[in-house]
Amino acid sequence: MNKLSIVGAGLVGEAAALIIAREELCRELMLIDVQGELAQGKALDVWQAAVESGSDTRVYGGSNAEMLQDSDLVVITAGVPRKPGQSRQDVLSINLPILDTIMRDINRHAPEATVLVVSNPVDVLTYRAWSLSGQGRDRVFGQAGVLDTARMKCFIAEETGFSARDITALVLGGHGDSMVPLMRYCAVGSVPLSHFLSSQQIERIVERTRQGGGEILGLKKVGSACDAPGVAIAQMVDAIANGRNRILPAVAILEGEYGRTGIAMGVPCVLADKGIVRVIELPLDAQEQVMFDHSADQVVRDIAEMNAL
Ligand SMILES: NC(=O)c1ccc[n+]([C@@H]2O[C@H](COP(=O)([O-])OP(=O)(O)OC[C@H]3O[C@@H](n4cnc5c(N)ncnc54)[C@H](O)[C@@H]3O)[C@@H](O)[C@H]2O)c1
């Protein structure tokens, strides 16, 4: 990939930039933030770390939207994370105008760019970004499930004692509270998880995964999760930059899949060089469909609230 821009040089933007630059996933990396000097300072730091790691990715920082010019991919990490006591609505009312400004800048300076939304609430903001972009759903999508599955793999490794390398997990649906784990598709070394764990143990893992972001925020007090989100973003960037045809969960606009149209939900997708080349529709059993519908209804309500703002 020639040029990648990350808008939002906070904790998550910086963590993603570091991995992307060290792994040389693009030639030029722009770190853009309303706090221009902060972005410049972080860009220098990340560039130097990349060079030390043997990468030639050149990293620039600043606040000028013109830096977006000719980006192949724009990752949006600008906006506040949810703090204890804040509602989804509180965060949305702060992050929605931020996203709108960034989409206006992208449409002006990099209208052909693929857009990866990370800012929360990611399902609603992905829907908004796609609506404002005028692009197909293949080009505008969000990150949530790669992080949620990573969290779930940690807790499965802890509970089973097996290497996390052999664990596969799959989640659908909204990010966080309304995540839909598909435990039938979770396995250790291809052996279904139910072979090793009781339903109570599995339920504990699911609940801890749902609260994964909150658990970290509660302990850190200042600043939320950033390193694992950074790796999750880098994985999606790698799939796109290297045209890998990887199956990864992404927040995608549904066009009839899972019985829904016109909402953004976490679903397994095939990611290749321009973005999503296919949304994978898995057959759900009755219980999974109920959970999926519950999650989708929440996103529908959130989109309606957003439209009312
Ligand atoms: N989808 C996920 O899996 C996931 C995971 C972690 C965090 N997040 C979300 O990512 C977002 C960023 O989190 P963080 O911890 O990095 O926050 P942070 O507060 O550390 O950084 C946010 C940055 O955005 C910048 N910003 C604000 N308005 C801007 C604008 N108009 N243009 C450019 N930059 C702007 C701020 O100056 C700040 O540097 C939050 O909404 C958080 O909830 C999502």
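Since the structure is predicted, the reported quantities are computational estimates derived from the model, not experimental observations. We count ligands from 1, going down the list as the structure has it; atoms in each ligand are counted the same way.
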To atom 32 (N) of ligand 1, the nearest of Val34, Leu38, Val80 on a heavy-atom basis is Val34
Heavy-atom proximity to atom 2 (C) of ligand 1, picking from Lys42, Glu14, Gln143, Arg151, points to Gln143
May I ask you to identify the nearest protein heavy atom to atom 31 (N) of ligand 1, giving residue, atom name and distance to one decimal place in Å? Ile98 CG2, 3.6 Å
Is a donor on one side and an acceptor on the other found under 3.5 Å between the side chain of Gln201 and the backbone of Ser198? yes
Ligand-side contact atoms (ligand 1) for residue partner Asn95, heavy atom cut-off under 4.0 Å: 41 (O)
Do other residues, nucleotides or ligands put more than 12 heavy atoms under 6.0 Å from Arg27 CZ? no
Going by an N to O cut-off under 4.0 Å, is there a salt bridge joining Asp302 and Arg128? no
Would Glu288 and Arg184 count as a salt bridge (charged side-chain N to carboxylate O under 4.0 Å, His left out) if you check the C-alpha gap in whole Å, the side-chain angles of each, and the deciding distance to 0.1 Å? CA-CA 10 Å; Glu288 290 161 352; Arg184 283 190 295 143; 2.7 Å; yes
So which of Cys226, Ala9, Gly10 gets nearest to atom 18 (P) of ligand 1, if we judge by its closest heavy atom? Gly10
Give the residue and atom name of whichever protein heavy atom lies nearest to atom 8 (N) of ligand 1, and the separation in Å to one decimal. Asn120 ND2, 3.5 Å
Of Leu4, Leu73, Val140, which is the lone residue that meets side chain to side chain contact (heavy atoms under 4.5 Å, CB included) with Thr114? Leu73
Using a 4.0 Å cut-off to any heavy atom of Gln35, which atoms of ligand 1 qualify? 36 (C), 37 (O), 39 (O)
Asn107 (side chain) donor-acceptor with Leu132 (main chain) under 3.5 angstrom: yes
Taking the basic N atoms (NZ, or NE/NH1/NH2) and the acidic carboxylate oxygens, is any pair closer than 4.0 Å for Glu207 and Arg151? no
Pull out every atom of ligand 1 sitting under 4.0 Å from any heavy atom of Leu147, numbered as shown with elements. 3 (O), 5 (C)
Could you tell me which non-hydrogen atom of Ala78 sits nearest to which non-hydrogen atom of Ile98, and how far apart they are? CB-CG2, 3.9 Å
What protein heavy atom sits nearest atom 44 (C) of ligand 1, and how far off is it? Val118 O, 3.0 Å
The closest protein heavy-atom partner of atom 19 (O) of ligand 1 is Pro81 CD, 3.9 Å
Hey, is Ser224 one of the residues with a heavy atom under 4.0 angstrom from ligand 1? yes
Just need the protein heavy atom nearest to atom 25 (C) of ligand 1, so name the residue and atom and give the distance. Asp33 OD2, 3.2 Å
Does at least one non-hydrogen atom of Gly79 fall below 4.0 angstrom from an atom of ligand 1? yes
Which ligand 1 atoms are under 4.0 Å away from a heavy-atom of Ala78? 24 (O), 26 (N), 29 (C), 33 (C), 34 (N), 35 (C)
Looking only at non-hydrogen atoms, which of Leu31, Ile233, Asp100, Leu11 approaches atom 20 (O) of ligand 1 most closely? Leu11
Quick one: look at Pro229 and ligand 1, take heavy-atom pairs under 4.0 Å, and tell me if it's side chain, backbone, both or neither. side chain
Short list, please: which atoms of ligand 1 are under 4.0 Å from a heavy atom of Thr77? 11 (C), 12 (C)
Indicate whether the side chain of Ser87 and that of Asp90 have a donor and an acceptor atom separated by less than 3.5 Å. yes
Is it true that Thr101 lies under 4.0 Å from ligand 1, counting heavy atoms only? no
Among protein heavy atoms, which lies nearest atom 10 (O) of ligand 1, and at what distance? Ser119 CA, 3.8 Å
Is Leu182 close to Leu284 at the side-chain level, that is, under 4.5 Å between some pair of heavy atoms? yes
By the definition side chain to side chain contact (heavy atoms under 4.5 Å, CB included), identify the one residue from Arg204, Glu203, Glu159 that meets it with Leu197. Glu159
Before signing off on this row, confirm whether Arg82 and ligand 1 have an N or O atom pair separated by under 3.5 Å. no
Val12 N/O to ligand 1 N/O under 3.5 Å: yes
Does Arg244 form a salt bridge (charged side-chain N to carboxylate O under 4.0 Å, His left out) with Asp273? I'd like the steps, not just the answer. CA-CA 7 Å; Arg244 290 201 193 276; Asp273 50 1; over 6 Å; no
So, does Lys42 use its side chain to make a donor-acceptor pair with the main chain of Ala9 at under 3.5 Å? yes
